[in-house]
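In what follows, a single structure is set out as structure tokens and then discussed.
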Amino acid sequence: MSTQALVTEAPQTLRQQDWLTLANNLQLETGLFIDGRFVEARKGNRFDSLNPATGEVLASVAFGDESDVDRAVASAKQAWNGGHWRYMAPRSRMAVLMRLADLVEQNAGELALLETLDMGKPITDALTIDLPEVVSSIRFYAECIDKLEGAVTNTAAAALHLIQREPLGIVGAISPWNYPLLMATWKVAPALAAGNCVVLKPAQQAPLSCLRLAQLFIEAGGPPGVFNVVNGDGPVTGRALALHMDVAKISFTGSTAVGKQIMIYAGQSNLKRVALETGGKSPQIFMPDLEDLDAAVERAYGGIFDNAGQVCNAGSRLLVHRDLHDAFVEKFVERSRQAYRPGDPLNPATTLGPVVTRAHQQGVLAKIEQGLREGAQLVMGGGEPSGMEQGAYVSPTLFTGVEPGMSIARDEIFGPVAAVIPFEDEAEAIAIANDSIYGLAASVWTRDLKTAHRMVGALEAGVVWVNCFGDGDMTQPFGGYKQSGNTRDKSFECLLGYTQSKSAWFDLG
Ligand code: NAD
């Protein structure tokens, strides 16, 4: 079978050389996607998307300014007013999204390749984690469409009261680059399922895969104008979308600082709804009675080093009971050294890709320097892996002797940097864990059911994992407490967030 055929039929069998050949022959779509087709930006502006593994320009991509955002919102508004999508029979809308999921599955090899080239994640991760989750996300929300229900409330006989759920109108989605297609899909799929029209602004560091998704939506039978994509940067393109008077909701995933800005834009414009999924500094807590130290250590390093630490819920704070401390650190270093092989992300054996840009790499390295200056002990990593200088790589890094007040224990680094903080007892573990502006996720390792339940109750986090880390499926509401956000992605709860209730009171007297 040819490489071209294999990328559709069995992408997991491709070798590094095959991926390279495919990458060299890729036909990239780089326009804005408005009203069902690719168009140039009005002023012809473009920006370069770089491959962080090589530093080379991957594509020149259309950059949408305010007038392009206007054009995309106008197209979405026309589609909304036309009513075709929102009034489509639920099972028909479901069929379109099911076809979209099938098309994403059939094109998973190509989409995974776009992710790897654009933001550097290992091709095996893109194929086995990102793409299957994108597909299940679209299928989950397609399946939910005819499960949305209203209510008839208990009124006096002379009245009938209906509560119906309706879509909001035009949803603006602003997404990050760490899982470019998946983070966008967590917004676009429920928004479309609920009957809204969407304008998506992907992260400028990884603009390509979302363009393909929009194209596949049309191929799946989605009406033009219902799903538009405008690439560009945050201060111009994202801002224009968040300030737009015709956008009913902004669904944002990204940093806490930009999330705050999005709330200001909503206040400055039309009081649009704002759903935020923002940063994190998640604690992984290891109690002295945990059952299996090997399993705990394996999940501990996976929880911070996978995707080169560029995960919102990354378990960057390792709270380890003093009795376990030395054995834990020794195993962590020994095992994680074997687990993460830096290399060309197109090599299926690579387990550590570069971080997303050279600038981000420098930011992560600066945080490591700061940790050293503050007196933490570096026991592993701390710089760039040797021989990988052409790309933006950072070695998996472990600090011990970390005090809860140090910057490496407080700031989101968004790179492969873990900080071990020892503790004496449960109360101290909870106090350290909750001493953060963030509250996205946490984990607890213990064999005692009572300890587990007490700690689940005491932890200020939207997601708590017990004796695991990062597990879940589409039924799990995913989002943060405190400054980690104000909404939930995934789950039925998320779908409701793309609807509003209407009360209809009938006088039957
Ligand atoms: P970022 O905040 O820099 O950018 C996110 C998006 O916002 C991008 O599309 C960007 O172009 C846009 N943006 C930037 N400035 C803007 C502005 N002034 N107005 C409107 N839009 C603007 O974040 P990032 O670096 O792309 O992503 C990393 C961050 O995302 C981390 O903080 C991470 O924790 C967070 N994240 C959170 C979740 C979650 O579910 N809570 C998931 C993934 C990532």
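When a ligand or atom number is given, it counts from 1 through the structure's own listing order. Note that this is a predicted model, so its numbers are computed, not measured.
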Please state which part of [X] comes within less than 4.0 Å of ligand 1, counting heavy atoms only: side chain, backbone, both or neither.
X      : result
Asn313 : neither
Asn178 : side chain
Ala257 : neither
Pro202 : backbone
Tyr265 : side chain

Give a yes/no verdict on whether any heavy atom in [X] is under 4.0 Å from an atom of ligand 1.
X      : result
Trp186 : no
Gly479 : no
Ile262 : yes

Ligand 1 N/O within reach of [X] N/O, cut-off under 3.5 Å:
X      : answer
Asp489 : no
Lys201 : yes
Thr253 : no
Thr278 : yes

Nearest-neighbour protein heavy atom for [atom], which is reported as residue plus atom name and distance:
atom                    : result
atom 27 (O) of ligand 1 : Pro176 CB, 3.5 Å
atom 24 (P) of ligand 1 : Trp177 NE1, 3.3 Å
atom 4 (O) of ligand 1  : Gly254 CA, 4.5 Å

Original post:
Hey, looking at atom 9 (O) of ligand 1, which of Ser175, Ser282, Pro207 has the closest heavy atom?
Top reply: Ser175
Check this for me, if you would: do [X] and [Y] make a salt bridge, where the nitrogen-to-carboxylate-oxygen distance has to be below 4.0 angstrom?
X     : Y     : result
Arg46 : Glu40 : yes
Arg71 : Glu66 : no
Arg42 : Asp68 : no

**OP:** Report yes if the distance between the aromatic ring centroids of Trp186 and Tyr498 is under 6.0 Å, otherwise no.
**Re:**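 Distance test on ring centres: not under 6.0 Å, no.
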